Amino acid sequence: MPGYAASDLIGNWTSTDKKLRYDFLEGFAPKKGVVIQYENGKPKSVDEWEIRPDGVKFGYSTNKYKILDNTMIFAGKNFQRLPIKKSGKIIELKRESQIFIDTLVASYWLNPIEEESYQYKKGFSSTSGIFSITKKGKQESLGSWSFANGVIKIARSIYPNERIAGDFLLLLTSRNNITVLKRGEKS
């Protein structure tokens with residue numbers, strides 16, 4: 001496991017009243033990652049997080065936090081760490097390209113906020129193919145993807161770093177933004 005973020009913050013946290021939940025995912029740089037916020041069990045937002053000297057920043061605000069064992073005090077609220085189910089190792093495209101591509105095409109990938117589903121299929125080679133986007137049950141668009149020299153291109157976007165971590169596909173853009181998709185059903 002790369003251990004880029006190296007933080008006790010990484011994991012799934014739920015408020016004591018179970019109305020608010022944060023899933024902190026490891027990113028591509030130290031003390032940075034992606035957080036998915038849920039309210040009443042439904043995903044509300046996906047933001048990048050960063051540990052700073054005055055707390056953790058995501059969205060427009062920085063909040064102080066303190067972690068003691070499996071308890072976190074964050075923005076004045078108490079959270080409990082949820083047990084993590086082990087769902088596989090981290091697969092990096094640059095290190096295990098064929099395993100990454102096989103895993104990519106084996107499942108549908110879902111946008112955590114919108115009702116969008118992405119399906120990737122191999123084309124005439126094992127390093128390129130097509131993808132389709134379905135939104136609210138309707139076919140939205142088709143595009144192509146290809147991989148070469150550790151970089152994947154999806155439609156017009158180039159992602160110089162990418163990984164599958166458990167149930168999440170993380171794509172780092174050339175502008176250092178992270179795109180996150182969650183594993184859906186097998187395709």
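What's counted below: heavy atoms across the whole structure, side chains too, no hydrogens, waters or symmetry copies. Please read these numbers as outputs of a predicted model, since none were measured by experiment.
Residue D54 places its CG atom among more than 12 non-hydrogen atoms of other residues, nucleotides or ligands, all under 6.0 Å distant.
Annotation for Y118: hydrophobic cluster partners, listed by chain and number, are I91, L93, I99, F100, I101, L104, V105, W109, Y120, F131, I133, W145, F147, I152, I154, Y159, I164, L169, L171, L181 (ILVMFWY side-chain heavy atoms under 4.5 Å, direct or chained).
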When you look at L142 and Q139, which way does the side-chain contact (heavy atoms from CB on, under 4.5 Å) test go after all the steps?
-> CA-CA 8 Å; L142 291 171; Q139 177 84 35; 3.6 Å; yes

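The closest donor-acceptor contact from the side chain of W49 to the backbone of L25 lies under 3.5 Å. Remark: side-chain polar atoms of R81 are not paired, donor with acceptor, to backbone N or O of T14 under 3.5 angstrom. Judged by distance alone, with hydrogens and angles left aside, the side-chain atoms of E185 form no donor-acceptor pair with the main-chain N or O of Y108 at under 3.5 Å.
Counting only heavy atoms from C-beta outward, the side chains of T16 and K18 never approach each other to under 4.5 Å. The shortest distance between side-chain heavy atoms of K44 and L20 does not fall below 4.5 Å. In this structure, the side chains of L170 and T179 stay at 4.5 Å or more apart for every pair of heavy atoms. You'll find the side chain of K136 stays beyond 4.5 Å of the side chain of K138, heavy atoms only.
Looking at D17 and S15, their side chains do bring a donor and an acceptor atom within 3.5 Å of each other.
Using the six-membered ring where Trp is involved, F79 and Y22 have ring planes that are tilted, between 30° and 60° apart.
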